[in-house]
Amino acid sequence: MKGHIRERSPGHWAIVIDVRDPQSGRRKRRWHSFAGTKRQAQVECARLIVGAAVDPSRITVAQFLDRFQRVDSATPDAA
């Protein structure tokens, strides 16, 4: 995985991470906003490249609520 930083305005950075789509193999770019110094942005970029970033889940609201209800009903009431 590769990545770079780009200054958007003084003290605000765009971190761009290149990732491969597992299905098609094509390159995708993940953009992350960051506020801080250039050195802090470089450290954050390295952290994201190593794999600390979590990919957003692509589920519908209905799927999320179904999952939430199953987890909620599985936990016993504390009262």
Side-chain angles (χ1 to χ4, degrees):
M1 219 181 315
K2 296 180 183 179
H4 65 276
I5 61 172
R6 172 181 293 171
E7 189 171 23
R8 288 187 170 169
S9 62
H12 293 86
W13 302 87
I15 300 173
V16 185
I17 307 296
D18 294 327
V19 295
R20 292 279 175 193
D21 182 12
Q23 295 173 346
S24 67
R26 298 182 74 184
R27 181 181 74 167
K28 286 188 170 186
R29 290 185 172 173
R30 303 267 178 185
W31 288 74
H32 301 272
S33 297
F34 184 80
T37 65
K38 182 177 182 178
R39 180 67 183 139
Q40 290 171 333
Q42 290 170 337
V43 170
E44 181 67 11
C45 182
R47 187 182 71 81
L48 292 171
I49 289 173
V50 168
V54 176
D55 285 337
S57 179
R58 306 257 181 201
I59 63 172
T60 65
V61 173
Q63 291 170 333
F64 173 79
L65 291 175
D66 288 340
R67 186 187 311 167
F68 178 77
Q69 287 176 336
R70 278 187 271 131
V71 171
D72 189 43
S73 64
T75 54
D77 290 343

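Heavy-atom minimum distance, G3 versus C45: C-SG, 4.0 Å. When all heavy atoms of A41 and F34 are compared, the closest pair comes out as N-CE2, 3.5 Å.
One distance of note links CD1 of I15 with CZ of R6; it measures 12.5 Å at 0.5 Å rounding. Rounded to the nearest 0.5 angstrom, K38 NZ and Q40 CD are separated by 13.5 Å. The NZ atom of K2 sits 8.5 Å away from the CZ atom of R20 when rounded to the nearest 0.5 Å.
With sequence neighbours excluded, the residues forming a side chain to side chain contact (heavy atoms under 4.5 Å, CB included) with S33 are R8, listed by chain and number.
The side-chain contact (heavy atoms from CB on, under 4.5 Å) test with I49 is passed by exactly one of I17, D18, V19: I17.
Formation of a donor-acceptor pair under 3.5 Å by the W13 side chain with backbone atoms of G36 is found in this model. Judged purely by atom type and a 3.5 angstrom limit, S9 has no side-chain atom pairing as donor or acceptor with the backbone of H12.
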